[in-house]
**Student:** 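Supplied in structure tokens, the structure appears directly below.
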Amino acid sequence: MPTTETLATTALDLSYVRSQFPSLAQAVNGHPAIFLDGPGGTQVPQRVIDAIAGYLRRDNANTGGAYATSRRTDAMIAEARSAMADFLHCAADEVVFGPNMTTLTYAMSRALGRDLRPGDEIVVTRLDHDANVSPWLAMAEDRGVTVRWTEIHDEDCTLDMADLASKINSNTKLVAAGYASNAVGTINPVKEIVRLAHAVGALAYVDAVHYGPHGLIDVAALDCDFLVCSTYKFFGPHMGVLFGKREHLKRLRPYKVRPNTNAIPNCWEWGTLNHESIAGIAACVEYLADLGRQASTRRDSRLGCPSREARPQETSERRAAIEAAYEAIHEHERALLERMITGLQKIPGLKIYGITEPARFDERCATLAIRITGHTPLELATKLGECGIFTWDGNYYALNLTEHLDVEKSGGFLRIGLVHYNTMEEVDRLLAAMREIVGA
Ligand SMILES: Cc1ncc(COP(=O)(O)O)c(C=O)c1O
């Protein structure tokens, strides 16, 4: 449970937050469960569960029919699209739903590849999840396109931006880069990456799957051409969402069945979608917006006056609330991260991969990859799991990174993933359990 001090001084009302997530109340072997597995998928608030069940109970139908449940399904999907447009800061017809980020990226890579030929080049990075690498490599192989790799600075696991710039030239047609690393937590300078791509007329494709639960996504400010995320990483159901600039969605040719419409965004959606999950998406965005509304009220009462600047008129109330939510999430996660890193650094034989200096915390999110001498990541995850502490071991598909850092053959990393529903007490319990495992 949050301390009184935490409750009084942060914009996030942690007891409210935790009360929204029924799964957080579980116990394992008599220990309250601690969910540090967010990077693999976060827990969901009750309202998401209710929306999914409610849709199946009342509205279950295919789209485009001339009867009540089908019309309600169409309206529900339109509302979810509009919620995701607020979440991403784009127009609703630039929002494409799909089963997950990987499937959407394979589909988009096929469509983009249609216009590429030998001599064209694409850029990928060593830091990315493989879902933002393998689809591009497959397309490049099919089309005879050259692939250029961006390397990392090994000492802090950040992207080597000078190397990235040197790999971009007049033949570059696409730069695919992650917003944040799902292994080591590094946040990449995406706006700069987009600028470098656009300077040579290339497209920028951003994987924001790992960034989604930690930071505000603003495709308008980033000016990226495509951005993909997965709602199951930010408190929603198992679905993927792609933003594509309208001009690209209209210009590119999707592989599609003939009866499907040619109108965007539906022409980019294949077959019947998972409607019940789409119902959960709107509820998940509303959860975040409510968090922001509450956070603004708490912040105003802390400061004794309204603190938010006047918003431009085109920004919806929900978008402004989502922005406020992420301010509060960022503040809380930063405090958790600092306590976690300080505690981990005291454990003998423990190495943290990635940025550790608090002054540079804006360059990372609260996802930590560690190793401890004499213990494999699997051993650590298993022992922690027995105490009800859920972490992950291995490569989490950031395979090019674990191979590059030469940890792949010895079990990868142990990943500790903090999100906004975690507490200081959970951090302390994890640290105590780690000390016990290593005998410190
Ligand atoms: C950074 C990152 N990109 C892409 C993916 C793949 O997402 P999906 O499971 O929606 O295909 C993941 C999943 O863990 C991820 O963490």
Side-chain angles (χ1 to χ4, degrees), residues 35-44 84 87-88 95-110 124-138 150 152 157-159 175-188 190 193 204-215 217 222 224 226-243 268-270 273-274 277-278 280-281 284 353-354 363-369 381 390-402 404 412-419:
F35 290 81
L36 300 174
D37 63 339
T42 48
Q43 301 306 300
V44 296
M84 276 312 296
F87 182 83
L88 297 167
V95 173
V96 175
F97 291 123
N100 49 56
M101 176 277 184
T102 307
T103 312
L104 285 165
T105 302
Y106 267 108
M108 197 43 79
S109 69
R110 304 288 307 165
V124 295
T125 92
R126 200 71 68 191
L127 195 56
D128 268 80
H129 185 285
D130 207 58
N132 201 27
V133 177
S134 280
W136 304 115
L137 300 193
T150 302
I152 62 161
C157 297
T158 55
L159 214 53
V175 178
Y179 207 147
S181 159
N182 69 315
V184 290
T186 310
I187 296 173
N188 293 326
V190 173
I193 295 172
Y205 191 97
V206 179
D207 171 3
V209 172
H210 189 68
Y211 189 71
H214 304 292
I217 298 173
L222 292 175
C224 53
F226 300 95
L227 180 142
V228 260
C229 59
S230 304
T231 52
Y232 75 95
K233 308 284 193 183
F234 55 89
F235 325 109
H238 287 93
M239 286 283 294
V241 180
L242 176 137
F243 153 79
W268 291 96
E269 295 173 336
W270 295 270
L273 292 171
N274 185 332
S277 285
I278 296 178
I281 289 179
C284 135
Y353 290 77
E363 294 173 65
R364 64 138 49 250
C365 55
T367 305
L368 289 150
F390 306 162
T391 57
W392 212 283
D393 69 283
N395 61 41
Y396 348 102
Y397 286 25
L399 180 60
N400 294 298
L401 179 69
T402 54
H404 174 78
F413 306 113
L414 180 83
R415 180 176 67 186
I416 305 165
L418 294 157
V419 294

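Whatever order the structure lists them in is the order used to number ligands and atoms, beginning at 1.
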**Student:** Side-chain contact, heavy-atom cut-off 4.5 Å: I187 with Y179?
**Tutor:**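 Answer yes - side chains close enough.
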**Student:** Tell me whether T125 contacts the main-chain N or O of D128 through its side chain, where contact means a donor paired with an acceptor under 3.5 Å.
**Tutor:** yes
**Student:** Check each heavy atom of V209 against ligand 1 and say whether those closer than 4.0 Å belong to the side chain, the backbone, both or neither.
**Tutor:**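 Side chain only.
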**Student:** List every atom of ligand 1 that sits less than 4.0 Å from any heavy atom of N182, numbering the atoms from 1 in the order shown and giving each element.
**Tutor:** 1 (C), 16 (O)
**Student:** Considering heavy atoms of the protein only, find what lies nearest to atom 15 (C) of ligand 1 and give residue, atom and distance to 0.1 Å.
**Tutor:**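 Nearest protein contact, heavy atoms only, for atom 15 (C) of ligand 1 is H129 CD2, 3.2 Å.
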**Student:** Does an N or O from T103, backbone or side chain, lie closer than 3.5 Å to an N or O of ligand 1?
**Tutor:**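 No, T103 has no N/O under 3.5 Å of an N/O on ligand 1.
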**Student:** Just checking W392: does its CH2 atom have more than 12 heavy atoms from other residues, nucleotides or ligands closer to it than 6.0 angstrom?
**Tutor:**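 Incorrect, the count does not exceed 12.
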**Student:** Tell me whether ligand 1 is touched by K233 - counting only heavy atoms on the residue side and a distance under 4.0 Å.
**Tutor:**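 It does; at least one heavy atom falls under 4.0 Å.
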**Student:** How about OH on Y397, more than 12 heavy atoms from neighbouring residues, nucleotides or ligands closer than 6.0 Å, or not?
**Tutor:**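 Not more than 12 within 6.0 Å, no.
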**Student:** If you have a sec, work out which protein heavy atom is nearest atom 11 (O) of ligand 1 and how many Å separate them, to one decimal?
**Tutor:** T102 OG1, 2.5 Å
**Student:** Between K233 and P39 (side chain of the first, backbone of the second, donor and acceptor by atom type, cut-off under 3.5 Å), is there such a pair?
**Tutor:**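 Confirmed, K233 side chain pairs with P39 backbone.
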**Student:** Applying a strict 4.0 Å limit to heavy atoms, is Y232 in contact with ligand 1?
**Tutor:** yes
**Student:** Using only heavy-atom distances, determine whether the side chains of Y205 and S109 contain a donor-acceptor pair under 3.5 Å.
**Tutor:** no
**Student:** So is D207 in contact with ligand 1, going by heavy-atom distances below 4.0 Å?
**Tutor:**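 The answer is yes: ligand 1 sits under 4.0 Å from a heavy atom of D207.
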**Student:** Any idea which atoms of ligand 1 are less than 4.0 Å away from a heavy-atom of S230?
**Tutor:**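 What qualifies from ligand 1 is 7 (O), 8 (P), 10 (O).
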**Student:** Show which atoms of ligand 1 fall inside a sub-4.0 Å distance from at least one heavy-atom site of M101.
**Tutor:**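 With M101 as reference, the close atoms of ligand 1 come out as 4 (C), 7 (O), 8 (P), 10 (O), 11 (O).
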**Student:** Check the orientation of W270 and W268. Use parallel for under 30°, tilted for 30 to 60°, and perpendicular for over 60°.
**Tutor:**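 It falls in the perpendicular class, over 60°.
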